[in-house]
Amino acid sequence: ADRITVMRDGAKVGVYRSGEVTREEVVRRMVGREIPRFRERARAPGETLLEAERLGRAGAFEDVSLRVRRGEIVALAGLVGSGRTEVARAIFGIDRLDSGILRIRGKELRFRSPREALDAGVAYLPEDRQRQGLILPLPVAHNLSLVVLRELARRGWLLRQREQQLAQAQVERLGVKGPGIDAPARSLSGGNQQKVLVGKFLAARPELLILDEPTRGVDVGAKAEIHRLIVDLAEQGLGILMISSELPEVLALADRVLVMREGRVAAEFDRAQATEEAIMAAAVGALPVGAPVGSWPAPGGSGESV
């Protein structure tokens, strides 16, 4: 390009000739703002729930290693198409893994279906709640019971009273607002549909929760409630693997951040070292793939180490 226009939060930050700014300066202008942070959590991370070593799927991702401990929120950041969702789907058994080792609580497993993953205590909330997560014409109660129908049935018949009790408990627990549990899921707002999706998988009592874009398409109030719910679930001892394209969300919630680029893990940062500039630099290639933690300069630095 001859000229570069930088946008942030729907507003123009500035226009620059390509020779006037470095890649690092463009990154800083793209992301420069204050980031809200949740308080430090009292619970220290516990046992390792998920350990992935050199996972690969042809044409999607390769050599991906990560771990998630009990009580920990780990974020997968990166640009759209970087391979984040593909990794999550393969871990959950939707897509086949071609290579690598997957361990759940130290036991080596390879899920052939989402049902096997759920039975092992792993749940995955897809990014498209309306097409992949919920059945919108069905009542809220039916959506909340979908993954635990075996527990709510006797001799193949669904016990309606048990389903109603489960649904009501989840609605109250998550603060779902709407016409009631017998109303179709499509009658709820986007934020409340997302809460129902969370409740659907929490009904299976998972130990590891994979969240793919958990606040996409919800209003600011619902977003804050979902953020608080994610933190509370981690405090209760769940391990959280969160995929998010919103850097403020990543920095507000995550204990560790893995940045993906072109199907590989480009960098990893702990909570103290993660900044929007560092994450964006790794995502767009201003950091080399596999760069060590701390390779991005401190704020105000020269950028020569990038």
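All values derive from a computational prediction rather than experimental measurement.
Side-chain contact, Gln194 with Thr215: no donor N or O sits under 3.5 Å from an acceptor N or O. Using modelled atom types and a 3.5 Å distance limit, the side chains of Glu213 and Ser245 yield a donor-acceptor pair. Residues Ser244 and Glu249 have side chains that bring a donor and an acceptor to within less than 3.5 angstrom of each other.
With Val74 as the partner, the side-chain contact (heavy atoms from CB on, under 4.5 Å) test is satisfied by one option alone out of Leu258, Leu253, Leu66, Leu50: Leu258.
Within a 6.0 Å radius of CD in Gln161, no more than 12 heavy atoms belonging to other residues, nucleotides or ligands are found.
Residues meeting the side-chain hydrogen bond (donor to acceptor under 3.5 Å, both in side chains) test with Asp182, sequence neighbours left out: Arg160, Gln164. With sequence neighbours excluded, the residues that form a side chain to side chain contact (heavy atoms under 4.5 Å, CB included) with Ser113 are Arg115, Glu116. By the side chain to side chain contact (heavy atoms under 4.5 Å, CB included) test, Lys107 pairs with Leu109, sequence neighbours left out. Under the side chain to side chain contact (heavy atoms under 4.5 Å, CB included) criterion, Arg110 pairs with Leu97, not counting sequence neighbours. Residues satisfying the side-chain hydrogen bond (donor to acceptor under 3.5 Å, both in side chains) test with Gln165, not counting sequence neighbours, are none.
Residues Val122 and Val87 are members of one and the same hydrophobic cluster, defined by side-chain heavy-atom contacts under 4.5 angstrom among Ile, Leu, Val, Met, Phe, Trp and Tyr. Under a hydrophobic clustering in which Ile, Leu, Val, Met, Phe, Trp and Tyr are joined whenever their side-chain heavy atoms come within less than 4.5 Å, directly or via other members, Leu159 and Leu166 fall into different clusters.
Note that Arg29 lies in the cation-pi zone of Tyr16, set by a 6.0 Å cut-off to the ring centre and a 45° limit from the axis.
Ionic pairing of Glu246 and Lys223 is present here: one or more N-O contacts between side-chain nitrogen and carboxylate oxygen are shorter than 4.0 angstrom. Taking a cutoff of 4.0 Å between a charged side-chain nitrogen and a carboxylate oxygen, Arg70 and Glu47 qualify as a salt bridge. A salt bridge links Glu268 with Arg256: the closest approach of a Lys/Arg side-chain nitrogen to an acidic carboxylate oxygen falls below 4.0 angstrom. Using a 4.0 Å cut-off between a side-chain N of Lys or Arg and a carboxylate O of Asp or Glu, Arg67 and Glu72 do not qualify as a salt bridge.
Looking at Gln132, its side chain never comes within 3.5 Å of a backbone N or O of Arg129 through a donor-acceptor pair. Here the side chain of Ser18 pairs a donor or acceptor atom with the backbone of Ala1 at under 3.5 angstrom. Judged purely by atom type and a 3.5 angstrom limit, Asn192 has no side-chain atom pairing as donor or acceptor with the backbone of Val176. Checking side-chain atoms of Lys195 against main-chain N and O of Gly175 turns up a donor-acceptor pair under 3.5 Å.
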Would Glu86 and Asp95 count as a side-chain contact (heavy atoms from CB on, under 4.5 Å) if you check the C-alpha gap in whole Å, the side-chain angles of each, and the deciding distance to 0.1 Å?
CA-CA 8 Å; Glu86 289 79 0; Asp95 299 327; 5.6 Å; no
Set out, in order, the CA-CA distance, both residues' side-chain angles and the distance that settles salt bridge (Lys or Arg N to Asp or Glu O under 4.0 Å) for Arg57 and Asp98, then state yes or no.
CA-CA 5 Å; Arg57 175 173 168 79; Asp98 293 327; 5.0 Å; no
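Between atom CG of residue Leu209 and atom CE of residue Met242 there is a gap of 11.5 Å, rounded to the nearest 0.5 Å.
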Below 3.5 Å, can you tabulate the donor-acceptor pairs from side chains in residues 143-151 to any protein atom, sequence neighbours excluded?
unit_1: Asn143; atom_1: OD1; unit_2: Ile135; atom_2: N; d: 2.8
unit_1: Asn143; atom_1: ND2; unit_2: Ile135; atom_2: O; d: 3.1
unit_1: Asn143; atom_1: ND2; unit_2: Leu138; atom_2: O; d: 3.3
unit_1: Asn143; atom_1: ND2; unit_2: Pro139; atom_2: O; d: 3.1
unit_1: Ser145; atom_1: OG; unit_2: Ala141; atom_2: O; d: 3.3
unit_1: Ser145; atom_1: OG; unit_2: His142; atom_2: O; d: 3.1
unit_1: Ser145; atom_1: OG; unit_2: Glu163; atom_2: OE2; d: 2.7
unit_1: Arg150; atom_1: NH2; unit_2: Asp119; atom_2: OD1; d: 2.9
unit_1: Glu151; atom_1: OE1; unit_2: Arg205; atom_2: NH2; d: 3.4
unit_1: Glu151; atom_1: OE2; unit_2: Arg205; atom_2: NH2; d: 3.4

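Counting heavy atoms from C-beta on, the side chains of Leu241 and Tyr124 never come closer than 4.5 Å.
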